[in-house]
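What follows is one structure encoded as structure tokens, with my remarks underneath.
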Amino acid sequence: MSYWWIRAFYGTVGAVLFSFLLVFLLRAAFGFEPLWDGAVYGAVAGLLGGIGFLWGIGCFDFWLGWAKGADISHEDHSFHGVSNWKQYFRLNTDHKVIGIQYLAMTFFFMLWGGLMALLIRTELAAPGQQIADGETYNGFLSMHATLMIFVFAVPVFGGIANYVLPIMLGAKDMAFPRLNALSFWFLPVAGFMFLASMFTGMFSSAWTAYPPLASQGTMGQTLFELGVQFAGASSIATAINFLATIITMRAPGMTIWRMPILGWATGVTSVLVVFATPFIAGSQFLTMFDRIMGTNFFVPDQGGDVIMYQHIFWFYSHPAVYIMLLPGFGIISEVIATFARKPLFGYRAMAFSMVAIAVLGFGVWAHHMFVSGMASWLRVPMMITTIIIAVPTGVKMWSWLATLWQGKIHIKTPMLWALGFLFTFLMGGLSGVFLGVVPVDIQVSDTYFVTAHLHYVLYGGSVYTVFAGIYYWFPKMTGKMLSERLGHWHFWLTFVGTQLTFLPMHWQGLQGMPRRVSDYDPRFETVNSIETVGSYMLGVATIIFFYNIVVSWKSGAKAPWNPWRGKTLEWMVSSPPPLFNFDAVPQVVGGPYQYGIPDARHAVVFAPEEFGGELKEDTRFPVLVVANETLTSQALIDEVRSRNADGLWSFELVAPVGDDDREVVQRRLATTLAILAGHGVAATGRVAEGDVVDVATEAARESDPNEIVVATLPLSQSRWMQRDVVDRIRKAATAPIAHVVVPADDARAIGGASALPMVMVVATEAIGAEGLATVVRTRADAQPARFTVVAPLDLPEPRWGADANERRRAAGEAMTATVNALVSTGVAVEGQVMDDAPSVALPLAIGAYAPSRIIIAGINGEARALAEAAEAAAGDTPVETVNLGQIAGA
Amino acid sequence: MATTAPHVGGATGQPEQKKHMNPALISMLLFIGSELMLFASLFTAYFFIRYGVANETWPPLKADGQPFQLPVLMTLVNTIFLVTSSFTLWWGEKRLAAGDNKGLIRGLWVTIILGGAFLLIQLNEYAHLGFTPQDRAFSGAFYTLTGFHGAHVLVGLIVLGLCLRRAYMRDFSPSYHTPLTAGSYYWHFVDIVWVLLFILVYLV
Ligand code: HEM
Ligand SMILES: [Cu+2]
């Protein structure tokens, strides 16, 4: 447990205890009876506990420091960026890290929500009770809907936009990185409050939490209400941050009409969030007051009004559906333009239609209440606005289709999701227009028709678009490509699964099956079981997705800067981008979607000021590396790799021979170059005759490097240092010098050797023989590799006897001699003496080392026997046999 | 979406990131917008209770059959306190703009005292109202509205207190005063909401 998590633990527990004390004292002071009222204590503890956690994890430290009057540096970047995966679990202010934290967290909740969905579908697989009674079913349903809406569909786009948008705008980060961190940490607080309600009696009023049901719930209901507050605070804080970023941080030249559509989408969404979210906050406060404080907002005979809740709730929750859709629209616009290789059709219409949707979105809320008993004069106006809102949505739909029209369409996984979205969302949009018409809605209100509609819209608009975004930007985020094959599987299973699960629901609803029930009339059995099968397919598809993510992230192909040939700014920096995205402020010179227009460009990205000029994926500035004995060492290889991570450098290795054996130096150099190539480092190298200072100075004159790296052994062991080589090079060459000191032990072991192929050499009688070292050396010269010499000893019985011991000792000595001889000439080699006959030992060794090649080095007949044993165990691994007896004889 | 030739590095130099607007103040305004909507949701509840429920006389009757009565006069005085505090804050900021840090400190002190007095008087009112939030829907709405507002006054006072501290540290100057300006936006907002609340709940 790290410091921060321990602090978070104490912060939470401390705040909970404090709130108990506080409530107790207040109740005692004001004479409230009874002193103990679980609901009140629980609510205050939940609220303060959440805040205590946020304090503990470090969200408020900066501001508290400011409040205390401490000297705060705004340029303190110690919480910026990550160097290993563990740091994703603590506070970070880097928008790229926060983006990934957001995505991971929301998908975690999505998995839980999905699990609930599968439980729901399992219960509904057949009429009657399968796994859950009515109460439990309500719990599952409520948990499913709540997690999916409040901690998946709403915030997930915050993850994508957090990562991508600042880069798209040409900014170094969001406007307020610390606020950004706070927004993220609100999320786990909200989500885990929802999840915690499993232990306190699940809330059962779904995600809409209508009173009077919601005013009756238990502690679970309180956790729901508090969770919604935290999730809402998170949304608002991010939204304000996005707006400030979009307004003030766009790169020079990026007018609002040159902004990628994702910027528009995020901006419009953020306005919705800022102005709509407070309404759900208000509504949840009121139900909470009714339940735990005994106010009468929703008690009709005390002058309260239940319908009022629905008005306030839907005044948020209808705009909220656009909060869950508009960012997705933005993502789809990016993806479709890129993969159709055409300028986005109707860029301005796309932007304005989103604005129109947002404005109209505030005027349609009561279409959710046609049958609620609200004032009946509201029905027709709301019906009209609802139908009008289909117009800007239609504008978007046609614009996407027109972008595809006669495009040069590339069906990569992101594009598949985009096309899947077009179909699925269209279905949801059409049933939505049906539902907006009062007479139809009266007919199908609260039936599965609504469930079908909402899933088509949300699956299409949130899930498909998020997947499109993840497949599109994963290479940028991680520097690795996702597997296309798995991606296709994921898509097609999801697509078929979606239709199987949700298409029949339309019919089912029209036939009158009500939503939110755990049991149904037997005539619905067939459809329901089909839907359950479909939902299991969705489950399998999701597993494939996660498998793809994990495997590709670990060992996927390396992603170039711009795998999809996109035009926007994020594709003009490395994958993943450098810590502050851009080394110099970029200049925007045109629109973002000018595909197919000769010479059109969106922006120019510059190299750091020292170098000047434009920065492209293949822009490299030379660095000279001078080393000999230390060439293969871990320290030097690490040094080169860490520079290479900048994406700015190319490396020229120069190995001065000096008094050494040229061949040995050559071999070291070849090994190092092979290792660096294995790590994807662009490096060239040569061996040069002559004294190191002359060689280095000459090379520096030729290639005019930006830096010279000289690697030596420590002062006491280094021949170079004894002649003060580093300082002499410094004087002779003009470039700055970095001196890497390599510990002597480290210099002999070959660093990063795992990047080399593994070759296994099997020898028993031949160890120690003259030819063995030569054989290995020639193989190493032909192709750099690391070698393991294995000596399986067919020992005489008893194995602890004197004879056996003598053989073991002799073999060990011979092995050491061979290995030393090889290592000192620059070959990466290890040796192992094994205590078993080849037929037993070789399968074990092959299993353990997984060599890519096997070389049998034997003497005459022994060679054949060894080769047979090896071939039996080798499987597909190629086996080469060398008869040292013949070589010696010849 | 015209394309112009990029002028790349070199002689023209690299572009500079310009900031036209202060992101902190934009954010404060947006946050205030959000807060306004929170009060709007509570006012919505209040109006539904007031106008949506059939056959209610106004002011409605308490559980004991007596009509609710609010101390309008006292609250009017209190309202004047709060409104004045907005002006004293404005005066303090003007002093700072003229380079007079002492004036700012004075202005902040007066503002904070007025705001504090408002809160105390409001709490005193709670104690003597003669009804509780549990009485009927109206009383719940009344306490919720005034309570939320009171909480906002408290937050505003804390923010101004912090600004005061910073003013003593001579942190603000005529050219840098973003936290102070943001705080004062917030304070004016709290003030305006109160005026609305006073008119809509106490007077009308
Ligand atoms: C594996 C995928 C999913 C399955 C099998 C599924 C299944 C269901 C079912 C059967 C119901 C209705 C339960 C009832 O009315 O008794 C439901 C409700 C709901 N689902 Fe899903 N769902 C899935 C994914 C999603 C996603 C991705 C979202 C949102 C992003 C979502 C949001 C909702 C909401 C909000 C409700 C509540 C509807 C209401 O208020 O009645 N679901 N889900
Ligand atoms: Cu709606």
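Every chain is numbered from 1, with letters handed out A, B, ... down the list of sequences.
Take Phe62(A) and apply the ring-ring contact (aromatic ring centres under 6.0 Å, His included) test, not counting sequence neighbours, and it matches His74(A). Taking Asn296(A) as the reference, Val299(A), Gln302(A), Ala137(B) meet the side-chain contact (heavy atoms from CB on, under 4.5 Å) condition, with sequence neighbours excluded.
Annotation: side chain of Tyr46(B) is not in contact with side chain of Met308(A) (no heavy-atom distance under 4.5 Å). Contact check for Phe176(A) versus Pro23(B): side-chain heavy atoms found under the 4.5 Å cut-off. Taking 4.5 Å as the limit, some side-chain heavy atom of Pro179(B) sits within range of a side-chain heavy atom of Trp66(A).
Proximity to chain B is limited to the side chain of Ile312(A), based on heavy atoms less than 4.5 angstrom apart. In this structure, the portion of His311(A) lying under 4.5 Å from any heavy atom of chain B is its side chain and not its backbone. Neither the backbone nor the side chain of Phe298(A) comes within contact range of chain B, judged by heavy atoms closer than 4.5 Å. Only the side chain of Phe285(A) comes within contact range of chain B, with at least one heavy atom under 4.5 Å from a heavy atom of that chain. Contacts of Asp290(A) with chain B are absent, with no heavy-atom separation under 4.5 Å from either backbone or side chain.
For chain B, the option among Ala244(A), Gly294(A), Ser270(A), Ala375(A) with the highest count of heavy-atom pairs below 4.5 Å is Gly294(A).
Taken to the nearest 0.5 Å, the CZ atom of Phe48(B) stands 14.0 Å off from the OH atom of Tyr309(A).
Proximity to chain A among residues 142-173 of chain B is limited to Thr144(B), Phe148(B), Leu162(B), Arg165(B), Arg166(B), Met169(B), judged by heavy-atom separations below 4.5 angstrom. At a heavy-atom separation below 4.5 angstrom, chain B is approached by Val274(A), Phe275(A), Pro278(A), Phe279(A), Ala281(A), Gly282(A) within residues 273-282 of chain A.
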Please evaluate residues Ile26(B) and Leu243(A) with respect to the criterion side chain to side chain contact (heavy atoms under 4.5 Å, CB included), reporting the C-alpha separation (whole Å), side-chain torsions for both, the decisive distance (0.1 Å), and the verdict. CA-CA 9 Å; Ile26(B) 293 177; Leu243(A) 284 171; 5.7 Å; no
